[in-house]
Structures are given as structure tokens and as C-alpha cells.
Protein chains: 2
Amino acid sequence: MNRRPTLEDVAARAGVSRALVSIVIRDAPGAGVQTRARVLAAADELGYRPDARARMLGRSRTRLVGVSFGVAHAFHGDLVDGLYVAARDAGYELALSAATARRGEAEALAGLEQDRCEGLVLLGPQLPTARLVAAAQHLPVVVVARAVRSRAIDVVRTDDAAGLHLTVDHLTGLGHRRIAHVDGGSAPGAADRRRGYAEAMARHGLTAHTCVVPGGLTEDDGAAAADALLALPRRPTAVAAFNDRCATGLLDRFRRARVDVPGEVSVVGFDDSRLARLSHVDLTTVAQDGDGLAALALGRVIARLDGAPVDRREVVLPPRLVVRGTTAQARLDSLD
Amino acid sequence: MNRRPTLEDVAARAGVSRALVSIVIRDAPGAGVQTRARVLAAADELGYRPDARARMLGRSRTRLVGVSFGVAHAFHGDLVDGLYVAARDAGYELALSAATARRGEAEALAGLEQDRCEGLVLLGPQLPTARLVAAAQHLPVVVVARAVRSRAIDVVRTDDAAGLHLTVDHLTGLGHRRIAHVDGGSAPGAADRRRGYAEAMARHGLTAHTCVVPGGLTEDDGAAAADALLALPRRPTAVAAFNDRCATGLLDRFRRARVDVPGEVSVVGFDDSRLARLSHVDLTTVAQDGDGLAALALGRVIARLDGAPVDRREVVLPPRLVVRGTTAQARLDSLD
DNA sequence: AGTCCCATCTAGAGCGCTCTAGTTGGCGTC
DNA sequence: GACGCCAACTAGAGCGCTCTAGATGGGACT
């Protein structure tokens with residue numbers, strides 16, 4: 001538990017200069033084969049580990065990208081995974097900073113700003129735009145999964161409207177016409193999803209059947225919406241929920257009311273979260289391309305760092321429909 | 001987007017020495033009131049942010065504790081939250097390193113070892129004990145939520161056996177006697193939970209009713225166990241599941257089989273995950289004291305760093321029963 | 001007036017590394 | 001044998017900060 005060995009220690013043991021050890025450790029050219037082996041052996045014997053922080057200090061570039069994420073969001077986990085992969089490929093390191101119940105996003109961001117990052121990737125930040133813009137004045141900032149109205153910030157997100165187009169197309173393909181949408185209120189993305197729903201319904205000539213029920217992000221919101229739907233004189237045969245949690249609430253309420261899913265009503269979620277994949281939920285849903293978002297986000301940060309021209313401030317990725325067990329052919333007797 | 005300002009820049013602007021700026025920024029004694037204000041103003045104008053990495057280099061202590069966690073584990077999120085709070089109180093910083101699908105725990109640990117941490121907190125690591133011990137030779141290591149058979153490593157975890165004692169006590173209190181346990185196979189903690197279940201049943205004189213059904217960690221395992229239970233000649237009136245996910249699988253299968261929960265059978269989970277709290281699941285479960293585990297884990301690292309005597313290598317925290325809607329009085333006609 | 005003290009401030013040596021600008025020495029060349 | 005050359009190696013400055021040791025100067029006190 002004594003002081004951790006430094007380059008100097010390794011140099012002394014191998015009988016060479018500090019600089020040479022540095023060369024060997026970095027695997028840089030300029031060292032003889034035998035010496036290289038000797039140095040490596042000495043480093044190994046001492047259990048030497050390069051000090052990443054000192055290393056970055058000495059170097060002009062840190063090749064460090066800061067990432068803030070919400071510890072409660074399962075999807076952020078997928079994004080972090082994708083970011084690690086992308087960073088490894090590009091030769092960058094990641095510095096994580098979590099937003100938790102008692103450690104706000106402001107703190108998470110401030111932490112990264114002290115950490116010598118060259119750029120920042122913020123996952124679904126709820127911070128005021130002004131704060132994001134302030135951060136972007138010092139280093140390139142890419143926001144993932146949230147729209148930001150500012151020319152100072154790069155945004156990478158999923159095409160929410162397209163997600164509902166996919167959903168409605170799928171449902172009409174199954175013969176559904178009375179398709180309702182349980183929306184997300186003022187949640188990020190909700191407006192786009194509402195718009196996508198309305199557009200798609202219109203495209204299929206179903207404007208008359210358009211029906212938006214107020215919902216929200218949680219199971220309880222879904223449950224409440226289910227009650228509202230069940231009370232309707234002419235129930236919809238399919239429901240496009242704002243997200244998977246909301247859809248789960250719907251499913252539960254329908255099941256309790258002995259309304260068969262997908263026999264009597266089809267349900268589609270949004271997110272393809274773990275929840276949707278559970279075998280006993282088996283929810284048809286819209287999946288976001290986590291790896292795509294991650295790779296694109298990191299790519300943009302790096303492009304900015306390299307001074308490469310970045311064309312658009314906002315990149316929107318198409319989602320993908322994952323068909324599972326909560327959608328089925330509309331029953332003939334239920335058609336208009 | 002130009003070079004970030006340094007102490008030197010602030011010093012120049014305020015017309016004082018670098019050292020004085022350092023004093024002011026650190027809020028250390030030794031600076032006049034007016035000068036302090038002037039320096040602060042200069043720093044603010046330049047948008048100065050202390051460089052955490054350089055700062056740690058200069059200091060003998062880094063006051064940095066590395067934390068590895070699994071991005072897929074919801075409970076780790078709670079622990080991270082608790083760790084941040086504990087670290088803030090103790091004047092320490094946290095360096096996070098995530099284990100993801102494509103970035104293993106080995107990488108997560110190696111990352112931390114390069115990061116100049118003074119100590120490590122590993123959340124539920126699955127790494128071989130030898131690797132953990134190797135890490136512990138350089139710095140204090142505390143493992144949370146996993147038992148490790150080594151004198152070199154501190155462990156902080158929940159008393160799994162006690163969790164099942166609580167469960168069985170609760171159920172017997174409701175009049176249940178035929179209480180089954182769906183176990184976790186060879187998962188961490190499973191053996192202790194099995195033992196706790198058997199002990200508690202014996203304590204209540206219910207050894208004859210002891211019934212352990214092989215299960216697992218997932219919903220599917222729970223579903224399979226449910227089928228096995230339903231096939232039993234004399235069904236149990238209550239089931240203690242290995243964890244919440246397993247319990248959810250049970251619930252779903254019971255519901256599909258039109259077996260009322262908690263009317264005909266009570267179900268108890270373990271973890272108090274988000275899943276259990278969902279209003280439509282509303283699962284009675286055993287909660288781990290996340291904040292307690294986190295505070296204890298960080299406290300141990302700090303104690304080791306301070307050279308304080310640490311009595312036991314392993315600290316076991318009692319769990320807590322959260323009674324919700326999946327448990328109820330046993331029906332009189334179902335009693336033996 | 002001389003002395004001491006303390007609050008305030010500065011100089012400068014690190015921390016562990018990287019990197020530029022050398023220095024060294026062995027070998028081929030004419 | 002003098003020269004040049006290149007691979008192998010070293011010296012030393014510097015990254016942005018901290019921290020110890022020391023300089024400065026204006027009272028309070030004798």
C-alpha cells in the first residue's frame with residue numbers, strides 16, 4: 001500500500017532515463033528492442049500503472065470526452081455502452097458524470113467542466129438552454145435525445161414523428177382504423193410524436209378517427225388513459241402510447257378489465273426499453289438506435305475538435321419498429 | 001473556444017501572483033478581503049475553472065475514490081446516488097467507471113486504476129477474487145453487494161438470510177403455512193437466501209412445509225417456477241421469490257392462470273426495484289438499504305486511507321420489508 | 001525610535017508525465 | 001581516417017496546479 005511507482009522508479013530499475021521509459025510505455029518509436037523488453041519487465045515487476053491524469057497534463061490534448069447521464073434512465077445505459085465503444089475506436093477516453101436523485105444535472109455538468117474534457121456529450125439533459133449554451137462557449141457540446149433551440153449546440157436525436165408514422169403504418173397494415181394516441185403531455189419529444197401521429201393518420205385518410213388522449217411518462221398515466229379509453233362509446237382497436245412505461249400501464253388496465261390484448265385491442269409503445277422486452281410484456285414498440293446515436297454524438301464532438309466542418313447542428317436518426325406480441329390483426333367485426 | 005484560462009491568466013488580470021490566486025480559489029486563509037474580491041472578479045470575467053486534474057497532481061492527496069458499476073443494474077444507480085452524497089459530505093470526489101455489455105468489468109477496473117484514485121468501491125463485481133485481491137494490493141478496495149472470501153478486501157452487503165426471515169415472518173403473521181421459495185440457483189446471495197428461508201421455516205415449526213423450487217434471476221425463471229407451483233397437488237398459499245424480476249414472472253403467470261394474487265396466493269420479492277414500486281405491480285418485497293450500504297462503503301475506504309483501524313472485513317446490513325399489495329391474509333379454507 | 005508580530009503576499013520547487021532538442025556511438029562511405 | 005548518418009538514448013522545459021519557505025510592510029508596544 002506504499003506510494004505507487006512512477007516513471008522515475010521504473011527508469012531507475014531498468015537503468016535508463018525517464019524519457020525512454022515514457023517512450024516504451026507509450027509504445028512510441030525510438031527505443032531498442034532489448035531495452036524495450038527490459039523496461040517493460042521492470043515496469044511489470046514494480047506493478048507500474050501510468051498515471052492517466054499526469055499524462056493528460058503533460059500532453060497538449062487530453063483526448064477526454066465528458067459524458068453526463070441520468071442514472072435512472074435505462075436507455076442512457078445503452079447510450080453509454082455505445083459511447084464507450086465509439087470512444088475506444090476513436091482513441092478517446094470517457095469521463096462519466098451521473099445525474100442522480102440528489103445530485104442534479106447542474107452538478108454533473110460542473111464536474112465535467114473541471115475535468116479537463118475536450119468536449120461534452122450530454123444525454124437527455126433537462127438543464128435550461130442558457131446553461132448548455134454557456135458550456136458550449138468553452139468546448140464543443142453535443143446533446144443527445146433532446147431538441148435544443150440554439151445554434152451553439154449540436155443535437156443528435158431520434159426522429160420522434162417518424163416513430164409514430166411507423167406505428168400507425170403498422171397498425172393500419174393490420175387493418176386498424178380507430179387508432180388512438182396516448183400522448184406525453186409536455187415531455188421532451190411529446191409534441192413531435194403527436195404531430196407524427198396526426199400526420200400519419202391523415203396520410204391514411206383517417207383524420208376522422210384521430211383521437212389523442214392525454215397521458216404522460218409513467219405507468220399511472222397509462223392506467224388513467226386506459227380508463228378514459230374504456231369509457232369511450234366506440235373504443236379504439238389500437239393504441240399508440242407515448243412510451244413503454246405508459247404502454248405498460250395501459251396493458252395492465254386492459255388486462256384487469258378483461259379486455260384482451262392483442263385480441264380486442266392492439267398496443268404499441270416507444271423506447272424498446274427492458275420493460276418491453278420482458279417475455280410477459282412482449283410489447284410491440286419503437287426502438288431508438290442507441291449505437292447510432294452514440295456513434296454520431298461522439299463523432300460530432302471529435303469533428304468539432306478536429307476543426308472539421310460540421311454541416312448541420314441537428315441530426316435526426318430514424319427509429320425502428322420492433323413487432324412483438326401486443327399487436328394483431330384488427331377483428332373484422334370491429335371495423336367501421 | 002480558445003485555450004481555457006489558467007491560474008496564470010487570472011493572476012495577470014488581477015495583478016497578483018499565481019500563488020495568491022490559488023489561495024483565493026481554494027478558499028484558503030492568507031488573502032486580504034479586497035484582493036480576494038478582485039481575484040474572484042478576474043476569475044469570473046475570464047470564465048476560469050480550476051483544472052481538477054492538475055489540482056490533484058499538485059496535491060499529495062487526490063481525495064478521489066473510484067467507483068465501478070453495472071449500467072444495467074437499477075440498484076447500482078441508487079448506490080451511486082448514495083455514494084455521491086457520502087462523498088460530498090466527506091470532501092471526496094468520485095470517478096465513475098461503467099461496466100456495460102461491451103465494456104467488461106475488467107476494463108472498468110483497469111480504467112479506475114489509471115485514474116489516480118486513492119481507493120475503490122466496486123458495486124456487485126463478478127470479477128474473479130484474484131483480480132480483486134490484486135487491485136487491493138495497491139489501494140483499499142471495498143466490494144458492495146457481493147461476498148468475497150479474502151482477508152484483503154472489505155465487503156459491505158445486505159444480510160440476505162435476514163431478508164428471508166423477514167419475508168417468512170410476515171407471511172406466517174398473515175396465517176400462511178405452506179410457503180414456498182423460488183430460489184436463485186447459483187446467483188450471488190442465492191445460497192444465503194435459501195438458508196434464511198429454511199431457518200425461518202424451521203423456527204416457525206414449518207419444516208414439513210419447506211418447499212424450494214428452482215428459479216433464477218429473470219422473469220422467465222419466475223414464470224417457469226409458477227408453472228411448477230401450479231402443478232403441485234397442494235399449492236402453496238404464499239411464495240417468496242429470489243428477487244423482484246422473478247416475482248414479476250410469477251405474478252404474470254398466476255394472473256394468466258386466473259389465480260388471484262393476493263387472494264389465493266401471496267407473493268414476496270427481493271430488491272425493492274423500480275419494478276416492485278410500479279403501481280400496477282405493487283409488490284411486497286425486501287428492500288436493501290442503498291444509502292446505508294453506500295455510506296458504509298465510502299466510510300470504509302476513507303477509514304483505510306486514514307489508517308484508522310477497521311475491525312471487520314465484512315459488514316452486513318439488515319434489510320427492510322416493504323409491505324405492498326401482493327400479500328394478504330391466508331384464506332381459512334386453505335390452511336392445513 | 002526600535003522591535004516584534006502578524007496578516008498578506010511572492011518565489012520557486014515539485015507532482016508524474018510528454019515532448020522537443022539535443023547527445024552519443026556504431027557503422028558505412030569515399 | 002575523416003565524415004556523415006541514423007538509431008538509440010538523455011536533458012530539461014513545461015502542463016496547471018499546490019504548498020513550503022521566505023519577503024514585505026504596517027501597526028502595537030516598549
Side-chain angles (χ1 to χ4, degrees), chain A residues 2-40 42-43 46-64 91 93 113-118 138-139, chain B residues 2-40 42-43 46-64 91 93 113-118 138-139:
Chain A
N2 33 15
R3 195 178 53 79
R4 72 188 269 171
T6 73
L7 265 195
E8 193 77 57
D9 301 324
V10 178
R13 180 165 191 119
V16 297
S17 72
R18 217 182 44 219
L20 223 213
V21 179
S22 171
I23 287 173
V24 172
I25 296 297
R26 278 178 294 137
D27 206 25
V33 186
Q34 300 166 41
T35 329
R36 198 173 283 271
R38 194 150 42 87
V39 169
L40 251 17
L46 290 174
Y48 170 76
R49 304 266 163 185
D51 181 330
R53 309 177 95 86
R55 184 170 256 188
M56 289 177 181
L57 233 204
R59 217 156 26 186
S60 54
R61 302 269 321 254
T62 64
R63 303 191 78 81
L64 219 212
E93 299 281 324
E113 286 180 320
Q114 303 212 144
D115 231 6
R116 211 138 212 278
C117 302
E118 294 191 300
H138 306 294
L139 28 74
Chain B
N2 34 14
R3 195 178 54 81
R4 72 188 270 171
T6 74
L7 266 195
E8 193 77 57
D9 301 324
V10 178
R13 181 168 191 117
V16 296
S17 73
R18 216 182 44 219
L20 224 214
V21 179
S22 171
I23 288 173
V24 172
I25 295 296
R26 278 178 294 138
D27 206 25
V33 186
Q34 299 166 42
T35 328
R36 200 173 281 273
R38 195 151 40 87
V39 169
L40 250 19
L46 291 174
Y48 170 76
R49 303 268 162 183
D51 181 331
R53 292 168 177 265
R55 183 171 256 189
M56 289 178 181
L57 233 204
R59 216 157 26 185
S60 55
R61 302 268 321 254
T62 63
R63 303 190 78 81
L64 219 213
E93 299 281 323
E113 286 181 320
Q114 303 215 140
D115 231 5
R116 210 135 212 277
C117 303
E118 295 192 299
H138 306 294
L139 27 74

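In what follows, every chain begins at residue 1, and chains take the letters A, B, ... in the order their sequences are listed. Hydrogens, waters and symmetry mates are skipped; everything else that's a heavy atom, side chains included, is used.
When side chains are defined from C-beta on, B/I23 counts as touching B/L20, because their heavy atoms get closer than 4.5 Å. In this structure, the side chains of A/D27 and A/R36 come closer than 4.5 Å at one or more pairs of heavy atoms. No side-chain heavy atom of A/R53 sits under 4.5 Å from any side-chain heavy atom of B/T62. You'll find the side chain of B/L46 stays beyond 4.5 Å of the side chain of B/R4, heavy atoms only. Looking at A/I25 and A/R55, their side chains come closer than 4.5 Å, going by heavy atoms from C-beta outward.
Of the possible donor and acceptor atoms, one in the side chain of A/R26 sits under 3.5 Å from a partner among the backbone N and O of A/S22.
When heavy atoms are screened at a 4.0 angstrom cut-off, A/R53 is found touching no nucleic acid atom at all. Counting any heavy atom pair closer than 4.0 Å across all strands shown, B/G30 reaches a base atom. At a threshold of 4.0 angstrom between heavy atoms, the contacts of B/P50 are confined to the sugar-phosphate backbone, with no base atom among them. At the heavy-atom level, B/T35 lies under 4.0 Å from the strands shown only through sugar-phosphate atoms. B/A19 comes within 4.0 angstrom of a base, heavy atoms only.
Within a 6.0 Å sphere centred on CD of B/E93, heavy atoms belonging to other residues, nucleotides or ligands number 12 at most.
Between B/R38 and B/G58, it is B/R38 whose nearest contact on DNA chain C lies nearer the 5' terminus. Judged by closest nucleotide on DNA chain D, A/V16 is the one of A/V16 and B/R55 placed further toward the 5' end.
Across the protein-nucleic acid pair, B/L20 atom CG and C/dA7 atom C1' stand 12 Å apart, rounded to whole Å. Rounded to whole Å, atom P of C/dA21 lies 15 Å from atom CD1 of A/I23.
Within residues 6-13 of chain B, the residues that have a heavy atom under 4.0 Å from DNA chain D are, in order of number, B/T6, B/L7.
Closest non-hydrogen pair, B/A42 versus B/A14, comes out as CB-CB, 3.9 Å.
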Handout entry: Full working for side-chain contact (heavy atoms from CB on, under 4.5 Å) between B/V21 and B/R18
Key = CA-CA 5 Å; B/V21 179; B/R18 216 182 44 219; 5.8 Å; no
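Bounding nucleotides for the chain B contact on DNA chain D, 5' to 3', at a heavy-atom distance below 4.0 Å, are D/dG16 to D/dC19.
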